[in-house]
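In what follows, every heavy atom counts, from backbone to side chain, and hydrogens, waters and symmetry copies are set aside.
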There are 2 protein chains.
Amino acid sequence: MACQPDDQDLFCDVPMIHEEAVRRVFGLLPRENRTEGLAELFKVFGDPTRVRILQSLRHSELCVCDLSALLAMSQSAVSHQLRILRGARLVRNRREGRVIYYSLMDDHVKTILDVGSEHLAEEAESKR
Amino acid sequence: MACQPDDQDLFCDVPMIHEEAVRRVFGLLPRENRTEGLAELFKVFGDPTRVRILQSLRHSELCVCDLSALLAMSQSAVSHQLRILRGARLVRNRREGRVIYYSLMDDHVKTILDVGSEHLAEEAESKR
DNA sequence: TTGATACATGAACACATATTCATATGTATG
DNA sequence: CATACATATGAATATGTGTTCATGTATCAA
């Protein structure tokens with residue numbers, strides 16, 4: 001935790017080999033807001049249960065008890081995770097009587113899962 | 001933790017309203033391997049420091065001390081995070097004397113960050 | 001070889017998080 | 001209204017994770 005390389009002071013206790021590059025990149029970085037938001041978003045994707053839920057909803061709208069049976073998990077655990085997915089606007093829900101149906105919010109969710117899968121595939125390929 | 005809805009037994013202690021859909025989706029789900037791998041991958045994106053590193057490397061190859069100065073963090077903390085990014089094959093590194101330069105591994109990293117940003121943008125829009 | 005520089009890493013601690021358990025909310029049915 | 005059903009949620013606990021601190025490794029210079 002030295003100092004922020006702003007316009008006035010770029011001299012830290014940390015050695016800095018490429019001052020120009022650092023200054024330039026610092027100017028190009030998005031606001032901290034956005035960084036924090038991105039991390040929060042990906043954190044939601046970073047749990048096997050939630051990924052499993054998203055993969056399931058990708059193929060069909062499902063209610064909570066369906067997901068519970070499908071994932072072999074307690075209804076409570078599923079509900080807790082659905083709450084987090086809702087918070088990140090990755091899923092939407094609609095009520096029909098006592099049953100609440102969940103589905104994916106939009107195509108971003110699919111895209112993110114796909115690009116992630118691609119990366120894993122190439123990763124496996126590069127290990128050979 | 002009831003039972004897995006495999007071909008032989010789909011009857012759990014959890015109520016299952018849409019048995020057909022559940023069976024169908026179960027057949028379409030990827031192997032657990034892949035789910036776990038995806039979650040592990042996104043977990044790496046799920047930390048502000050690591051996102052910040054990736055956003056930085058997106059614009060320029062940088063060495064550890066550059067990143068340390070840029071992010072105003074200790075060299076140790078940055079190194080620990082770089083290790084995790086390397087493990088997920090999100091960054092590559094090359095040595096030049098005592099200095100080690102890091103850069104993004106491939107375009108998947110950029111794409112994932114971009115799609116995430118898009119989602120956040122639309123999320124903000126939908127809140128209005 | 002000795003010292004300095006750039007980076008990596010193990011241990012420890014503080015903090016976050018996923019599941020379980022118990023209970024609450026909301027909706028249909030009788 | 002009372003009951004059953006589908007889902008949500010608060011509290012507690014166990015496990016995971018990021019940073020710091022101290023130390024180790026690798027490279028260059030003298």
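Between the base of D:dA6 and the side chain of A:Gln75 there is no donor-acceptor pair shorter than 3.5 Å.
Closest to the A:Ile100 side chain, of the nucleotides D:dT9, D:dT7, C:dA8, is D:dT7.
Listed in residue order, the members of residues 56-68 of chain B having a heavy atom less than 4.0 Å from DNA chain D come to none.
For the pair A:Tyr102 and D:dA8, the criterion of a side-chain N or O lying under 4.0 Å from OP1 or OP2 is met. Put simply, A:Gln81 has a side-chain N or O that comes within less than 4.0 Å of OP1 or OP2 on C:dT19. Between A:Ser74 and the phosphate of C:dT20, there is a side-chain N or O to OP1/OP2 separation shorter than 4.0 Å. Note on B:Ser76: every side-chain N or O is 4.0 Å or more away from OP1 and OP2 of D:dT19.
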Under a 4.0 Å heavy-atom criterion, the protein footprint on nucleotides 24-30 of chain D, written with B, S and -, is --SBB--

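A donor-acceptor pair under 3.5 Å is absent between the side-chain atoms of A:Arg89 and the main chain of B:Glu123, judged by distance alone.
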Taking only distance into account, with no hydrogens and no angle test, what donor-acceptor pairs under 3.5 Å do side-chain atoms of residues 97-104 of chain A form with protein atoms, sequence neighbours excluded?
from	atom 1	to	atom 2	distance (Å)
A:Tyr101	OH	B:His18	NE2	3.0
A:Tyr102	OH	A:Arg86	NE	3.3
A:Tyr102	OH	A:Asn93	ND2	3.4

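The aromatic ring of B:His80 does not sit over the base of D:dT19; the criterion of centres under 5.5 Å apart with planes under 30° is not met.
One interatomic measurement links the two molecules: CZ of A:Arg86 to P of D:dT7, which rounds to 12 Å at whole-angstrom precision.
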